[in-house]
Amino acid sequence: MTDSSATPAVRMTGIAKRFAAVQAVAQADLSVQPGEIHALCGENGAGKSTLMKILCGMNGCDDGRIEVHGQDVTGWSTARAIAAGVGMVHQHFMLVPTLTVAENVVLGREPLRHGLLDLEKAVADVEQLCKQTGLSVPARALVAELSVGQAQRVEILKVLHRGARVLLLDEPTAVLSPPEVVELWKVLRTLRGSGTTILLVTHKLDEVMELTDRITVMRQGRTVAVLQTPETTPEILAEAMVGREVDLRVQHAKRAGSRGDVVLQLRDLRVAGRRIAEAIRGISLDVRAGEILGIAGVEGNGQAELLEALTGLRPVLSGEISLNGKNINALTPRARGDAGLSHIPEDRHERGLILEFSVADNLVLGQQHHFGSKGLLDRRAIDAHAQAAIAAWDIRPPDPQAPVRTLSGGNQQKVVIAREMARDFSVLIAAQPTRGVDVGAIEFIHDRLRQARDAGKAVLLVSAELREILTLSDRIAVLYGGQLVAVLPRDACSEAILGGYMTGLGSTTEAA
Amino acid sequence: MISVRWLHWADLVLPPLVALAVALVAGDLLILSYGQAPGSVWRLLLEGTWGNSYGIGQVLYKATTLTCTGLAVALPMRAGLFNIGAESQLAAGAFATALVASLLPTATPLLLAAPLCIAGAMVGGGLVGAVPGVLRARYGAHEVIVTIMLNFVVLALLNWLVSTYWHVPETLHTPTITSGQMPRLSQLFPQFHGSAANWSWLPVALTAGLVQWALQRSQAGFALRAVGFQPLAAENAGILVGRVWRQALTWGGALAGLGGINFVLGYKGYYEDGLAGGAGFLGIAVALVGRNHPLGVVAAALLFATLSQGGLAIHALVPKQMVEVLQAVVILAMAMAVPEVRRLLRTALTPRRRAP
């Protein structure tokens, strides 16, 4: 498969893994050379994460063989994987917020003196490791005080401290701002220079193209291609992932109709934060029917609080939210939904779906009072509704009674969006509508958002992906430090301009 | 391909069966250690319970109370709440039903008195259940702590009320009620003579069915299950999580309170201090074995009632405490059987091929 004569750092052959009724991985192969940055790409549900979990010992496999540095390690445990130098940096950080960086890094392998924890040595060790790798984190700082990018560096340090020579990173940029991504690339290149093998799970094509040496593409649990990065293009890669041609151009389809009336209006809105006194510090914004207004910004600048205030989960301190000219400050989430506010939450697992519920039940979640009368549920109506949504959104498997937990990420997201767009709404709040969703489904979801806009709905898009904001929006507002530092027409925007505003560097221009 | 629905049922039903099998084996060993033959002890246990109408009546009587306390734990559990207060909720329900019955004019027709007394029992238990519900929803006080502590408070309060104001001299029970009595089963079927079995089982069984139906078919049940699985997603969907918590614990208390009619209206005809006698706590085990499923709770209540009554029957051969050991084994085995069965189901469904 490869021309290299060296023993691969990782070789997985013929891996198969099945979860109950779902064949997650079937006949997957992966070969990573020592000292390379290798990407594992594929749509959601292609089996990337499962393959990674098998490699780091979190899951067993039903079939196949795993070798690390030439040794057969099939079916090993996480403890043995760590001992052998295979370390995983998880997408969701596993850190103790009340401990310092140094304490977190050495946790489980604490340096001891006279049987007691030698904190000074821990700090020295961690600072030494920081210097070697170019990962800069204050060793004595509390993890709770770190930014997301810094927390991720602590995760990487933790794995390296345990002597990892093969580093697995699962979607490492999902939570990072653009400057933090650049920083991470630098670190990974330095690590590669010092002989560390890096295996990156991602579905972001530009990252793959920029950083990696080779790419393994998975589709439906199988390895379908192994590509040399310099010899490939994003188009070839996307085609391999999806299995058909995909249009990747940042293409901004102009809206069909003209802008209509203001349907969502924010006036001097102030909202308390989760930890800080005021996360939204006086926002005024008009969203009109027939437009997609994108809110750009690095995560943690008040997006979460703004969304919660809009949907009724968090009370406002002062100011006004009006929907179709009516103040909805005092309405419950359910009443807001009935008044025409639809909402795609940013975290479908936590907020968007009841994973144990069936597809049919999830498709009416939040609208169950419209399916039945006198406090009862009309099962037949719910089922008919599910059949229609499954057909219209191509949700797979097409079984209304399947628990949503058994669906792939893309299909789960389709359930959420189908539900929110099936109701009678005038404003759709779409938070990270394509997070963790595969390339094919992204296209599909984007099309549906445009269709909603063209049908005269107002769409408020909140996304950490600048590319998505630029692709979809008619106007773009930038949220920084709880304020809108810019509201610009799409044509006046570029990644560079928005990047400036997002990091607080751009000049403050008010154009509402 | 085995369907997802089939898996769901297997996952629900298999663990209790496994736990029962484990308990039987443990029971065999215990019986052998007493130098008895397991077969004959088990036969005695079955003959003493399901083998004659008196035994059946006693099992039915005990299962009726246990169904109520089991439901009282199971329903809040479906909303993600752990109700440990069934003991005092049962007592409060019994006290309230005795109070209502004593306030009714003598010989009020049963068709009028029974619904009033039943409502009284549910209100009494519901009031005790509402306290942890409100405290949880409004102040975030953990319902486990509140319900445990409330057991002491409520039982002591009832003890004080009865001993100070309302008891037959020289006893710790209230005067016998003169209306609202549930007829004994033996009035219609003389073979039940001597057993405590009475018609309380009927409203209780109907309630169990109603709870099951409401969980699956009503909007409130939908909301309750959603909160139990994922409170954040439920909140996002506009379900008022605090209100569901309040309702779930209140209804849980009401269900435990309903159990009070069995003793007061159906058996003794008065409220007596200590009448709950651990049935509230056993309700936790009943809900566990019944998988928090109303119909499962009924089955588990019958099982525990059989063990409890059977203990008396086998006393001649082995100590009757053996059944208490068996109840404990069933509970421990359940705790292990749930994840173990799930794992085995998963493995059994994974087709194995030989490595190339």
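Heavy-atom basis, side chains included; hydrogens, waters and symmetry copies ignored. The model shown is predicted, which means the values in this text are computed figures rather than measured ones.
Between atom CZ of residue B:R217 and atom CG of residue A:D378 there is a gap of 9.5 Å, rounded to the nearest 0.5 Å. If you take CZ on B:R243 and OG1 on A:T332, they are separated by 9.0 Å, rounding to the nearest 0.5 Å. A:H369 contributes atom NE2, which lies 11.0 Å from atom CZ of B:F222 (distance to the nearest 0.5 angstrom). Atoms CG and CD, from B:N236 and A:E346 in turn, are 10.0 Å apart once rounded to the nearest 0.5 Å. The structure places CD1 of B:I239 at 6.5 Å from CD1 of A:I354, a figure rounded to the nearest 0.5 Å.
Annotation: maximal heavy-atom pairing with chain B below 4.5 Å, among A:L313, A:T311, A:V364, occurs at A:L313. Of the listed residues (A:R334, A:E350, A:Q367), the one with the most heavy-atom contacts under 4.5 Å to chain B is A:E350. The choice from B:G238, B:A237, B:A233 that makes the most heavy-atom pairs within less than 4.5 Å of chain A is B:A233. Most heavy-atom pairs under 4.5 Å with chain B: of the set A:R419, A:K374, A:H343, this distinction falls to A:H343.
Checked by atom type and distance alone, the side chain of B:Q230 pairs as donor or acceptor with a backbone atom of A:H349 at under 3.5 Å. Judged by distance alone, the side chain of A:Q368 and the main-chain N or O of B:Q219 form no donor-acceptor pair under 3.5 Å.
For A:R379, the salt bridge (charged side-chain N to carboxylate O under 4.0 Å, His left out) test picks out A:D361, with sequence neighbours left out.
Environment of CZ in A:R11: sparse, with no more than 12 heavy atoms of neighbouring residues, nucleotides or ligands closer than 6.0 Å. In the displayed structure, B:L206 atom CG is contacted under 6.0 Å by more than 12 heavy atoms of other residues, nucleotides or ligands.
Counting all heavy atoms, side chain and backbone alike, A:L377 lies closest to B:S218 at CD1-O, 3.6 Å.
With respect to B:E235 and A:R351, a salt bridge is recorded, a charged nitrogen being found less than 4.0 Å from a carboxylate O.
For A:L353, the part lying near chain B is the backbone, with the side chain staying farther off; criterion is any non-hydrogen pair under 4.5 Å.
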